[in-house]
Structure formats: C-alpha cells, structure tokens
Colleague: 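Below you will find the structure I want to go over with you.
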Amino acid sequence: MNATAIVAAQMPVPDPNWVLPSRGRVAMFCLIAAESAIFTIFVVAYLFYVGKNPVGPQPKDVLDAPIFYSICLLSSSLTIHQAVKALRTGRSRNFGAWWLATIVLGATFMFGTFTEWHRLIYRDGLTISTNLFGTTYYSLVGLHGFHVVVGLLCLVTVMTFTLLGKVSQEHADRVDVLSLYWHFVDTVWVAVFTVVYILGR
C-alpha cells in the first residue's frame, strides 16, 4: 500500500446527513455579528458619558421606562416565530395573521419611540445637541430605531407578497432568515433598555 492510499484510508468519512448552512443564514449571522459590534460601541459610549453632563436635563429627570412598548416589541419575537412555524407547515393564512401581528407590534413600538422623542424635544428641551446625555441617548436609541424601521420595511414587503399569494411553504427558509434579523433587533432592545432606562438613570 503506497503513501497516498494510507493517507486516504486515514481521512475521516464525511457524514452523509450533514448539510451546509444556507448562504442566507450565513450572511445574516455575519450581518448580526457586525451590527452587534456597532451597538457595543454605542452602548459603551453611553455608559462612559452618562453622569458627566455639566448641564441638564439629566436622565433621571426626563426618562420614563417604556414598559408597554417594550413588551410589544419583545412579544413580536413570539409572533414572528409562530409565523415561520406556520409557513413551514403550509398554513399560509395563519402565517399571514402572525406576520401582520408582528408588523403591528413593531409599529406600536416605533409609535412609542416617536411620542417619547416628541415629549423630550418639545416639552423637556432635550435635543441631540443639548448635552452629552442627549447626544448619546439619541445616537443609541436612534440607531436601534433605525434597525426597527428597516425590519418593518422588510416585514411589510413580505406581507405585500403574502397578500398577492406569492409566499408559500417553499419560501419558509428565506422568511426564517429575515426572522433572525428581527430576533436580533428585539434582543438588542433588551440591552438598550437595560443600559438607558435602568443602569443609566
């Protein structure tokens, strides 16, 4: 037996049941990793500058924890999971209902963010240029809000195709990839909420 045959005999046999992950999932996980690094920088900046404002207002003076709107956003992770689950089993109508519920919950959260910013700007006088708190607050919360809006646009696009009858069971994997992004947005909000409305006050 020659050296080539010996090496070939010693090589492990690949598992025939092993399947490469889809390119969409790999790309989404790469995007999530990159976005996580960006959010980490903004969170660290917020924690570093909090309490160092020479002038008011201070976080404890103007911030109220958006409990209801946070529950809405976090609940949307459950509804989008149920939507993907329904589509995998071919229940397109149930998928549409759960998907629409996700959109409504996400939009409700953004409405809460809008009302909070309106109050902070026009009643409390806190803008992005007021002090370090205003700069870091609007940067961090605004970055998250931007990601929620992007996610909502994607969800609405899928909902449009669903109403047109263009989404079926065969698209479940693609829809699942989008759900990963939405779960990421929800998870990031847990960190942002903890930093801004609990630790930062």
Side-chain angles (χ1 to χ4, degrees), residues 14-40 42-43 65-118 140-194 196-197:
D15 185 355
N17 296 321
W18 187 73
V19 180
L20 285 172
S22 69
R23 287 179 294 179
R25 292 181 71 85
V26 172
M28 182 57 71
F29 280 124
C30 289
L31 174 64
I32 288 174
E35 294 295 316
S36 297
I38 295 174
F39 272 106
T40 299
F42 276 75
V43 166
I67 302 295
F68 171 74
Y69 297 111
S70 298
I71 292 174
C72 287
L73 183 64
L74 297 180
S75 297
S76 67
S77 269
L78 174 62
T79 57
I80 200 171
H81 171 75
Q82 293 293 350
V84 174
K85 183 178 178 181
L87 190 60
R88 287 195 184 281
T89 55
R91 295 174 291 144
S92 298
R93 182 170 297 181
N94 288 350
F95 163 76
W98 285 114
W99 200 262
L100 180 61
T102 304
I103 294 173
V104 171
L105 289 171
T108 301
F109 172 81
M110 284 310 303
F111 173 77
T113 300
F114 171 78
T115 55
E116 180 181 48
W117 284 23
H118 186 273
L140 177 56
V141 178
L143 179 66
H144 178 265
F146 170 77
H147 282 74
V148 175
V149 170
V150 170
L152 283 173
L153 291 175
C154 294
L155 294 178
V156 169
T157 300
V158 173
M159 191 71 227
T160 302
F161 283 112
T162 301
L163 295 175
L164 295 174
K166 302 295 184 180
V167 178
S168 59
Q169 188 174 4
E170 64 185 70
H171 301 110
D173 287 339
R174 295 181 181 180
V175 170
D176 188 35
V177 170
L178 179 55
S179 75
L180 293 175
Y181 175 86
W182 193 255
H183 289 310
F184 165 71
V185 169
D186 288 1
T187 302
V188 167
W189 178 248
V190 175
V192 173
F193 181 89
T194 302
V196 174
Y197 297 98

Colleague: Starting at CG of D186, measure out to OG of S77 and round the result to the nearest 0.5 Å.
Modeller: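 Here the rounded value is 3.5 Å.
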Colleague: For the residue pair A172 and R88, what are the closest heavy atoms and their distance?
Modeller: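 So the minimum-distance heavy-atom pair works out to CB-CG, 3.7 Å.
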Colleague: Determine whether R25 and M28 satisfy the following criterion, side-chain contact (heavy atoms from CB on, under 4.5 Å), listing intermediate values before the conclusion.
Modeller: CA-CA 5 Å; R25 292 181 71 85; M28 182 57 71; 5.7 Å; no
Colleague: Using 0.5 Å steps for rounding, measure from the CZ atom of F39 to the CH2 atom of W189.
Modeller: 10.5 Å
Colleague: So which atom in S168 and which in S92 form the shortest heavy-atom distance, rounded to 0.1 Å?
Modeller: CA-OG, 4.5 Å
Colleague: My understanding is that only one of F184, F109, F42 makes a ring-ring contact (aromatic ring centres under 6.0 Å, His included) with H144; could you say which?
Modeller: F109
Colleague: Could you check F95 against R91 for side-chain contact (heavy atoms from CB on, under 4.5 Å), going step by step and ending with a plain yes or no?
Modeller: CA-CA 6 Å; F95 163 76; R91 295 174 291 144; over 6 Å; no
Colleague: Which pair of heavy atoms, one from H171 and one from K166, lies closest together, and at what distance?
Modeller: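 Looking at all heavy atoms of both residues, the shortest contact is CE1-O, 3.2 Å.
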Colleague: Once side-chain contact (heavy atoms from CB on, under 4.5 Å) is applied, do any residues pair with T108, and if so which ones, sequence neighbours excluded?
Modeller: F68, Y69, C72, V104
Colleague: Without swapping roles, check the side chain of H147 against the backbone of L143 for a donor-acceptor pair under 3.5 Å.
Modeller: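 Yes, because the side chain of H147 sits within donor-acceptor range (under 3.5 Å) of the backbone of L143.
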Colleague: Apply side-chain contact (heavy atoms from CB on, under 4.5 Å) to residues W182 and L152 and explain how you reach the verdict.
Modeller: CA-CA 9 Å; W182 193 255; L152 283 173; 3.9 Å; yes
Colleague: For residues I80 and W98, determine if any side-chain heavy atom of one lies less than 4.5 Å from a side-chain heavy atom of the other.
Modeller: no
Colleague: Return the minimal non-hydrogen interatomic distance between V141 and W117, and the atom names on each side.
Modeller: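 Nearest pair, atom of V141 first, then W117: CG1-NE1, 3.9 Å.
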